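Take a look at the structure below.
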Number of protein chains: 2
Amino acid sequence: MKRMSTDMRALAVEDDPRIAADLQAALTAAGFRVEVTGDGEDAWFLGDTEDYDLVVLDLGLPALDGLAVLKRWRANDRTMPVLVLTARGTWQERVEGIEAGADDYLPKPFRMEELIARARALVRRAGGHAAALQEAGELSLDTNRMGVAIRGVPVQVTALEYRLLAYLMQHRDRPVPPTELLEHLYGDDDAREANALEAVIARLRRKLGPGVIGTRRGFGYFLEAA
Amino acid sequence: MKRMSTDMRALAVEDDPRIAADLQAALTAAGFRVEVTGDGEDAWFLGDTEDYDLVVLDLGLPALDGLAVLKRWRANDRTMPVLVLTARGTWQERVEGIEAGADDYLPKPFRMEELIARARALVRRAGGHAAALQEAGELSLDTNRMGVAIRGVPVQVTALEYRLLAYLMQHRDRPVPPTELLEHLYGDDDAREANALEAVIARLRRKLGPGVIGTRRGFGYFLEAA
DNA sequence: GGCAAGCTGACAGCAAGCTGACAATAAGGG
DNA sequence: CCCTTATTGTCAGCTTGCTGTCAGCTTGCC
């Protein structure tokens with residue numbers, strides 16, 4: 001795992017694998033180092049022994065209930081900010097969540113953007129500055145302002161270019177195959193020619209200069225000097 | 001932070017005698033020293049002169065409206081946490097309440113348990129209040145008077161325009177995507193065309209002049225910084 | 001050398017966003 | 001209760017700049 005400018009750790013406790021994957025993606029994109037678990041026992045142990053800057057906790061867990069986990073954390077003086085996810089509209093859960101020591105709650109279904117916004121607010125309120133900066137080599141990516149800078153000098157990129165960079169940054173420990181990038185940028189429903197991606201890469205390279213986006217022929221693209 | 005068990009004062013402003021009685025009972029049981037009034041004028045006077053740790057405020061008051069009371073408090077720098085109750089749980093009222101300075105909001109009918117939970121949460125994190133005057137570049141917003149000024153010169157804006165500006169101000173560190181603005185201004189239940197937002201932006205720009213509201217194509221709108 | 005993967009400049013299509021006009025609705029005043 | 005005014009959503013036409021495609025080229029690999 002490569003270094004981030006600020007090291008914000010987040011724990012996501014969610015048993016639905018699809019939501020869990022979304023959580024991980026969104027939080028990672030927001031600059032958190034994310035750990036995911038769907039098991040209540042596991043969650044309790046992690047939250048009790050590790051230091052997180054944020055916990056996203058789903059109440060609808062099998063086995064050990066999310067509320068019980070939260071109460072046991074609070075009973076042990078674990079004071080990290082906890083954002084609780086509740087099934088839709090059940091007022092009891094909200095009440096219990098707050099009384100158990102949740103710092104904020106979000107009813108399902110929710111928008112990832114809102115979750116990120118609330119998560120940042122929580123972290124900021126807790127004292128730490130939200131980790132908005134991700135770096136790889138000379139490239140730095142401000143996930144909050146959606147800004148890109150090379151060696152500190154801001155560079156203007158388009159939305160598509162930004163998404164591409166963000167995805168590479170998220171997976172900077174490996175070369176990302178063109179097929180995967182195409183699917184992430186456009187979705188498999190909308191079929192684009194492979195050359196479209198190459199065009200985006202070319203334009204980005206012209207803006208960022210050499211030595212930022214590398215190619216491993218046959219494997220994919222990656223951020224250099226990460 | 002004060003202790004709940006020692007001496008927490010709460011003011012309940014509610015004209016319906018039955019609900020008022022319930023409020024008093026529940027808050028007392030929760031450890032508050034409770035005072036109740038059903039008169040807006042009386043409430044305003046009490047809130048302005050006495051020090052409360054919590055206010056529960058019903059908007060549906062005769063004579064002096066609850067919202068007006070709240071605004072007058074905030075205008076006088078009374079920063080105690082206020083939990084607003086409203087009968088008509090419309091989305092607009094919630095916005096108005098929060099923008100008038102409410103710290104939380106509860107639609108009727110509600111469960112007493114939930115009210116107590118929210119009240120406790122409010123008291124627990126009592127402290128952080130939005131500043132009365134917010135600025136970004138040449139633009140300044142007076143959140144108490146709902147007033148807008150550009151370079152010190154007051155500009156008259158409509159309620160909708162103000163809400164848009166307030167939201168941009170609240171998130172002035174990032175570009176706000178149109179989808180998010182649409183959701184905030186109208187709510188997802190009421191679907192508007194995307195162009196409605198552009199129309200509001202255009203009108204605002206004409207009033208405020210250039211260099212205030214910026215656009216980052218593909219990312220969203222933002223307030224130009226100093 | 002030959003093939004396939006990848007690069008690049010040019011360009012046209014297209015989508016995001018802007019604006020003025022207008023109608024419908026809401027608010028206010030007599 | 002009617003009249004007046006302000007607010008605001010919708011529409012049509014327009015501008016801008018993003019982005020996919022194409023053609024031709026370079027590079028690596030066998």
Side-chain angles (χ1 to χ4, degrees), chain A residues 146 148 155-168 175-224, chain B residues 65 67 88 90-93 95-96 146 148 155-165 167-168 175-224:
Chain A
M146 310 273 194
V148 176
V155 177
Q156 207 178 5
V157 299
T158 71
L160 185 69
E161 289 164 353
Y162 178 85
R163 283 204 288 148
L164 173 47
L165 279 182
Y167 195 81
L168 288 183
V176 181
T179 56
E180 185 180 337
L181 278 173
L182 280 170
E183 185 177 340
H184 173 73
L185 290 181
Y186 307 111
D188 27 72
D189 49 321
D190 194 1
R192 291 329 216 261
E193 286 204 12
N195 191 265
L197 174 62
E198 292 164 16
V200 180
I201 294 279
R203 285 193 274 262
L204 260 177
R205 286 213 249 244
R206 196 185 316 170
K207 287 182 181 177
L208 302 176
V212 179
I213 302 181
T215 308
R216 183 161 304 174
R217 181 175 268 248
F219 292 93
Y221 299 96
F222 62 96
L223 295 180
E224 296 209 50
Chain B
D65 181 44
L67 263 182
R88 305 143 293 182
T90 70
W91 193 86
Q92 260 111 0
E93 275 209 338
V95 171
E96 287 173 0
M146 305 243 298
V148 177
V155 177
Q156 201 178 7
V157 299
T158 70
L160 185 69
E161 289 165 351
Y162 178 84
R163 287 204 284 142
L164 173 47
L165 280 181
Y167 195 81
L168 287 182
V176 181
T179 56
E180 186 179 336
L181 277 174
L182 281 170
E183 186 177 337
H184 172 76
L185 290 181
Y186 308 112
D188 359 73
D189 49 324
D190 194 1
R192 304 284 150 98
E193 294 216 0
N195 199 338
L197 174 63
E198 292 162 16
V200 180
I201 293 278
R203 285 177 197 124
L204 261 176
R205 286 215 249 244
R206 198 181 316 170
K207 288 183 182 177
L208 302 176
V212 179
I213 303 181
T215 307
R216 278 185 67 195
R217 182 177 272 243
F219 292 99
Y221 299 96
F222 63 98
L223 295 181
E224 309 251 14

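Order of the sequence lines fixes the chain letters, A, B, ..., with proteins taken first and strands second; residue numbering starts at 1 for each chain. Because the structure is a prediction, the values reported are computed rather than measured.
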- prompt: Going from OH on B/Y221 to CG on B/L197, what distance comes out if it is rounded to the nearest 0.5 angstrom?
  reply: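 Going from OH on B/Y221 over to CG on B/L197, the span is 5.0 Å.
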task: Enter the distance from A/L204:CG to A/L165:CG here, rounded to the nearest 0.5 Å.
output: 5.0 Å
B/R217 (side chain) donor-acceptor with A/T158 (main chain) under 3.5 angstrom: no
- prompt: Any donor-acceptor pair under 3.5 Å linking the side chain of B/E180 with the backbone of B/P177?
  reply: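 Such a contact is absent between B/E180 side chain and B/P177 backbone.
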Proximity to the side chain of B/E193 - top-ranked nucleotide from D/dG20, D/dG9, D/dT10: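 Between D/dG20, D/dG9, D/dT10, the one nearest the side chain of B/E193 would be D/dT10.
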Whole angstrom is fine here: how far is it from [atom1] in [X] over to [atom2] in [N]?
{"X": "A/L182", "N": "D/dT19", "atom1": "CG", "atom2": "P", "result": "14 Å"}
{"X": "B/L160", "N": "D/dA6", "atom1": "CG", "atom2": "C1'", "result": "13 Å"}
{"X": "B/L204", "N": "D/dG9", "atom1": "CG", "atom2": "P", "result": "12 Å"}
{"X": "B/E161", "N": "D/dG9", "atom1": "CD", "atom2": "C1'", "result": "13 Å"}
{"X": "A/Y162", "N": "D/dC18", "atom1": "OH", "atom2": "P", "result": "17 Å"}

message: Applying side-chain contact (heavy atoms from CB on, under 4.5 Å) to A/E198 and A/I201, what does each step give before you reach the verdict?
response: CA-CA 5 Å; A/E198 292 164 16; A/I201 294 279; 5.5 Å; no
query: What string of B, S and - do you get for nucleotides 3-14 of chain C, 5' to 3', if B is base contact, S is sugar-phosphate-only contact and - is no contact with any protein heavy atom under 4.0 Å?
result: -BBSBBS-----
message: Below the 4.0 Å mark, does D/dT19 have OP1 or OP2 next to a side-chain nitrogen or oxygen of A/T158?
response: yes
query: Does A/R216 make a cation-pi contact with A/F222 (under 6.0 Å, within 45 degrees of the axis)?
result: yes
